[in-house]
Amino acid sequence: MADLKSIVEHEMREYAGEGINGQTYFTHDDQNNVMTIVFSGIANGKSFSTISIFARIVNDMIIIDEDKTNKPLVDALVQSGIPREKIVLSYAGESVQTV
């Protein structure tokens, strides 16, 4: 199995692209193993941006702090072969144990 970082990055890049009223972008901080999907668009005539997905890798665990998508990242990661036990959904109240 490929390393966690490359799998998470591959799956998150699938969320990036052109949307109905804007654009989604994949961003990352390799030094801190943090990846995001950011949406920038226009609603009611005003520009705005928001983080759709915020994920990080800590001590061989994937922690998803935010996921506002209709296709949860956790499902894509599990389908890619990541054991569910290696994924923490902190946005859903799951405990983050990084030690």
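Numbers here are sequence positions counted from 1.
- Placement of I57 and I7 within a single hydrophobic cluster is found when ILVMFWY residues are connected by side-chain heavy-atom separations under 4.5 Å, directly or transitively.
- Among residues two or more places apart in sequence or in another chain, the salt bridge (Lys or Arg N to Asp or Glu O under 4.0 Å) test is passed with D29 by none.
- Here the straight-line distance linking atom NZ of K86 with atom CG of L4 works out to 5.5 Å at 0.5 Å rounding.
- With sequence neighbours left out, the side-chain hydrogen bond (donor to acceptor under 3.5 Å, both in side chains) criterion links E94 to R84.
- Checked against salt bridge (Lys or Arg N to Asp or Glu O under 4.0 Å), E9 has the following partners two or more places apart in sequence or in another chain: R13.
- Taken together through direct or relayed side-chain contacts under 4.5 Å among Ile, Leu, Val, Met, Phe, Trp and Tyr, V34 and L89 form parts of separate hydrophobic clusters.
- V38 and V8 sit in two unconnected hydrophobic clusters of ILVMFWY residues. Membership requires side-chain heavy atoms under 4.5 Å apart, directly or through other members.
- Both F26 and L73 are assigned to one and the same hydrophobic cluster, defined by single-linkage of ILVMFWY side chains at heavy-atom distances under 4.5 Å.
- Contact record, I37 with M12: CD1-O, 3.1 Å, taken as the closest heavy-atom pair.
- Applying the ring pair (Phe, Tyr, Trp, His ring centres under 6.0 Å) test to Y91 and every residue at least two apart in sequence or in another chain returns nothing.
- Taking CD1 of I53 as the reference point, atom CD of E66 lies at 9.5 Å (rounded to 0.5 Å).
- Evaluation of the salt bridge (Lys or Arg N to Asp or Glu O under 4.0 Å) rule for D65 yields R56 as partners, not counting sequence neighbours.
- Every pair tested for salt bridge (Lys or Arg N to Asp or Glu O under 4.0 Å) that includes a residue from residues 37-48 fails, sequence neighbours excluded, so the list is empty.
- The ring pair (Phe, Tyr, Trp, His ring centres under 6.0 Å) analysis of residues 48-75, with sequence neighbours excluded, yields the pairs F39-F48.
- Residues passing the salt bridge (Lys or Arg N to Asp or Glu O under 4.0 Å) test with K5 are D30, sequence neighbours excluded.
- Applying the side-chain contact (heavy atoms from CB on, under 4.5 Å) test to N70 and every residue at least two apart in sequence or in another chain returns nothing.
- Applying the side-chain contact (heavy atoms from CB on, under 4.5 Å) rule to N21 yields no partners; only residues at least two apart in sequence or on another chain are considered.
- T69 pairs by the side-chain hydrogen bond (donor to acceptor under 3.5 Å, both in side chains) definition with D67, not counting sequence neighbours.
- With contacts defined as side-chain heavy-atom distances shorter than 4.5 Å, the pair I64/L77 qualifies.
- In terms of hydrophobic clustering, with Ile, Leu, Val, Met, Phe, Trp and Tyr side chains grouped at heavy-atom distances under 4.5 Å, V78 and I62 are assigned to a common cluster.
- We find the CG-OG distance between D75 and S80 to be 11.0 Å, quoted to the nearest 0.5 Å.
- Summarising the geometry, atom CD belonging to E14 is positioned 11.0 Å from atom OG1 belonging to T24; distances are rounded to the nearest 0.5 Å.
- Counting side-chain heavy-atom gaps under 4.5 Å among Ile, Leu, Val, Met, Phe, Trp and Tyr, Y25 is found in no cluster with other residues.
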